[in-house]
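Note that the coordinates shown come from a computational prediction; the quantities given were computed from them, not determined experimentally.
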Amino acid sequence: MNTAICEIPKLESKKDSNIHPHQNFVTRDKRNEDLGHQSGVVWLTGLSGAGKSTIASLVERMLFQQGYTISILDGDTLRTGLNNDLGFSKEDREENLRRTGEVASIFANTGHIVLASFISPHHKGRESVKSIVGDNFYLVHVHADIDDCISRDPKGLYKKAMFGGIENFTGIGQEYEKPEVTDLTINTSDSCVADSAMQLVSFIKSKFEL
Ligand code: ADP
């Protein structure tokens with residue numbers, strides 16, 4: 001009986017492929033000059049219910065009206081589409097942030113100020129996004145006391161988590177690692193929505209001017 005000799009297929013390394021990212025003629029600098037401000041990523045981290053989405057939405061509206069090119073990347077929105085194959089284990093959260101970092105980076109390179117609103121509970125995940133984005137990455141901790149988050153519970157998630165309906169829910173089943181160093185901390189337990197938003201508006205204006 002003839003035994004066919006099978007060649008073992010060569011495994012291609014994901015990093016060793018024939019991929020050559022395109023160099024755009026319209027550079028980030030040209031876009032920034034044209035738009036009148038620098039671009040980059042403002043990363044809002046904090047517990048669910050701390051106020052990330054509320055602040056991001058108000059700040060986007062205010063700065064857009066003042067002529068800024070500004071966009072929101074929201075955790076729930078990305079999890080509905082691009083990242084809908086990922087759960088909330090530590091590994092999946094890291095992959096969620098890696099992909100988000102890549103998307104945020106594309107937006108930043110095309111002139112946007114990106115308001116990225118993600119619980120992002122772990123140092124490692126936040127550091128990985130920072131290294132993907134590079135220049136003009138700012139970490140903003142939107143802080144609220146856990147008791148305030150639980151009593152606000154805008155999406156009813158704490159209630160569900162406390163009755164065992166959500167595994168790995170940050171603040172209940174999974175720890176939130178408070179950032180040791182931030183570019184800005186907004187304490188929403190101590191300030192109203194308008195004041196919190198204004199703190200971020202002032203910060204962005206100071207950091208993104210040309
Ligand atoms: P997150 O995006 O962090 O999960 P949300 O923005 O969805 O939180 O919800 C925050 C809730 O807290 C909203 O109901 C909002 O009205 C309320 N809130 C109270 N004070 C503030 C504040 N200073 N900044 C932002 N939100 C606040």
Side-chain angles (χ1 to χ4, degrees), residues 15 17 19-46 50-83 94-120 123-143 179-186 188 191 193-210:
K15 286 187 179 160
S17 61
I19 293 170
H20 304 281
H22 188 71
Q23 297 300 320
N24 291 334
F25 171 76
V26 185
T27 62
R28 180 168 172 163
D29 284 349
K30 283 185 187 143
R31 286 176 191 274
N32 288 171
E33 263 171 50
D34 204 49
L35 294 168
H37 59 77
Q38 294 184 51
S39 53
V41 177
V42 178
W43 191 269
L44 306 181
T45 174
K52 303 178 295 298
S53 309
T54 304
I55 294 170
S57 164
L58 193 54
V59 169
E60 180 192 44
R61 213 167 77 201
M62 290 162 84
L63 289 179
F64 180 77
Q65 282 167 352
Q66 292 175 37
Y68 286 78
T69 299
I70 184 159
S71 319
I72 289 178
L73 275 186
D74 177 80
D76 283 355
T77 309
L78 262 79
R79 280 187 175 279
T80 308
L82 178 68
N83 294 342
E94 275 168 24
E95 177 59 10
N96 181 42
L97 292 193
R98 190 193 65 78
R99 291 183 199 173
T100 305
E102 295 289 351
V103 174
S105 183
I106 293 170
F107 271 79
N109 284 330
T110 48
H112 291 243
I113 295 171
V114 181
L115 298 174
S117 170
F118 288 78
I119 296 174
S120 45
H123 296 300
K124 196 173 163 197
R126 295 189 295 257
E127 281 302 312
S128 87
V129 176
K130 184 177 176 174
S131 69
I132 292 168
V133 172
D135 289 343
N136 279 5
F137 176 93
Y138 297 103
L139 184 67
V140 176
H141 182 199
V142 178
H143 168 81
E180 282 152 16
V181 181
T182 64
D183 295 295
L184 175 71
T185 297
I186 302 174
T188 68
S191 63
V193 172
D195 285 350
S196 301
M198 278 314 298
Q199 287 176 50
L200 190 55
V201 165
S202 307
F203 176 81
I204 290 173
K205 286 188 174 178
S206 72
K207 295 293 180 191
F208 288 87
E209 70 180 17
L210 274 178

**Study point:** Nearest non-hydrogen partners of Ser117 and Lys52, listed with the distance
**Key:** OG-CB, 3.3 Å
Exercise for review: For residues Arg98 and Glu94, determine if any side-chain heavy atom of one lies less than 4.5 Å from a side-chain heavy atom of the other.
Suggested key: no
Point to revise | pair Asp74-Ser53: side-chain heavy atoms closer than 4.5 Å | key: yes
Study note, to complete from the structure: Closest non-hydrogen contact found for Ser128 with Ser131 is O-OG, 3.0 Å
Review point. Is the shortest heavy-atom distance from the side chain of Ile186 to the side chain of His141 under 4.5 Å?
Key: no
Review point. Looking at CD1 of Ile119 and CG of Asn96, how far apart are the two atoms once the value is rounded to the nearest 0.5 Å?
Key: 10.0 Å
Check your understanding: When rounded to the nearest 0.5 angstrom, what distance separates CZ in Arg126 from CG in Leu97?
Key -> 9.5 Å
**Study point:** Spacing of Arg61 atom CZ and Ile72 atom CD1 [to the nearest 0.5 Å]
**Key:** 10.5 Å
Review point. Between Thr182 and Thr185, does a side chain to side chain donor-acceptor pair (under 3.5 Å) hold up when you go through it step by step?
Key: CA-CA 7 Å; Thr182 64; Thr185 297; 3.0 Å; yes
Exercise for review: Go through the steps for Thr45 and Val140 under the test side-chain contact (heavy atoms from CB on, under 4.5 Å), then give the verdict.
Suggested key: CA-CA 6 Å; Thr45 174; Val140 176; over 6 Å; no
Exercise for review: Let me see the working for Phe208 and Tyr138 under ring pair (Phe, Tyr, Trp, His ring centres under 6.0 Å), right down to the final yes or no.
Suggested key: CA-CA 11 Å; Phe208 288 87; Tyr138 297 103; 5.5 Å; yes
Point to revise | Min side-chain heavy-atom separation Ser39-Thr69 under 4.5 Å | key: no
Point to revise | Side-chain donor or acceptor of Lys130 paired with backbone N/O of Phe137 under 3.5 Å | key: no
Study note, to complete from the structure: Smallest heavy-atom separation, Thr100 atom then Leu78 atom, equals OG1-CD2, 3.6 Å
Review point. So, the side chain of Ser57 versus the backbone of Thr54: is there a donor-acceptor pair under 3.5 Å, distance only?
Key: no
Check your understanding: Is the charged tip of Lys205 near the ring of Tyr68: under 6.0 Å from the six-membered ring centre and within 45° of its axis?
Key -> no
Revision key, fill the gap. Shortest non-hydrogen pair, Ala108 vs Val41, comes out as CB-CG2, 4.2 Å
Practice item. Give a yes or no answer on whether the side chain of Arg99 reaches the backbone of Asn83 with a donor-acceptor pair at less than 3.5 Å. Key: no
Check your understanding: Can you find a heavy atom in the side chain of Val42 that is under 4.5 Å from one in the side chain of Leu200?
Key -> yes
Practice item. Answer whether the closest heavy-atom distance between the side chains of Ile55 and Val193 falls below 4.5 Å. Key: no
Review point. What are the two closest non-hydrogen atoms of Leu139 and Pro179, and how far apart are they?
Key: CD2-CB, 3.9 Å
Revision key, fill the gap. Looking only at heavy atoms, the pair that brings Arg28 and Asp135 closest together is NH2-O, 4.0 Å
Check your understanding: So which of Leu115, Asn109, Val114 actually passes side-chain contact (heavy atoms from CB on, under 4.5 Å) with His112?
Key -> Val114
Exercise for review: Could you tell me the separation between the CD1 atom of Ile70 and the CD atom of Gln65, rounded to the nearest 0.5 Å?
Suggested key: 11.5 Å
Practice item. Assign the ring pair Phe118 / Trp43 to parallel, tilted or perpendicular, where the plane angle (0 to 90°) is split at 30° and 60°. Key: parallel
Check your understanding: Do Ser120 and Val129 pass the side-chain contact (heavy atoms from CB on, under 4.5 Å) test, and can you show the C-alpha distance, the side-chain angles, and the key distance before you say yes or no?
Key -> CA-CA 10 Å; Ser120 45; Val129 176; over 6 Å; no
Review point. With distance as the sole test, does Ser191 use its side chain to make a donor-acceptor pair with the main-chain N or O of Thr188 at under 3.5 Å?
Key: no
Point to revise | Asn136 vs Gln38 side-chain heavy atoms within contact, under 4.5 Å | key: yes
Exercise for review: Taking atom NZ of Lys124 as the centre, report whether more than 12 heavy atoms of other residues, nucleotides or ligands fall under 6.0 Å from it.
Suggested key: no
Practice item. Can you measure from CG (Leu63) to CG (Leu58) and round to the nearest 0.5 angstrom? Key: 9.5 Å
Practice item. Check whether any side-chain heavy atom of Ile113 lies under 4.5 Å from a side-chain heavy atom of His37, and answer yes or no. Key: yes
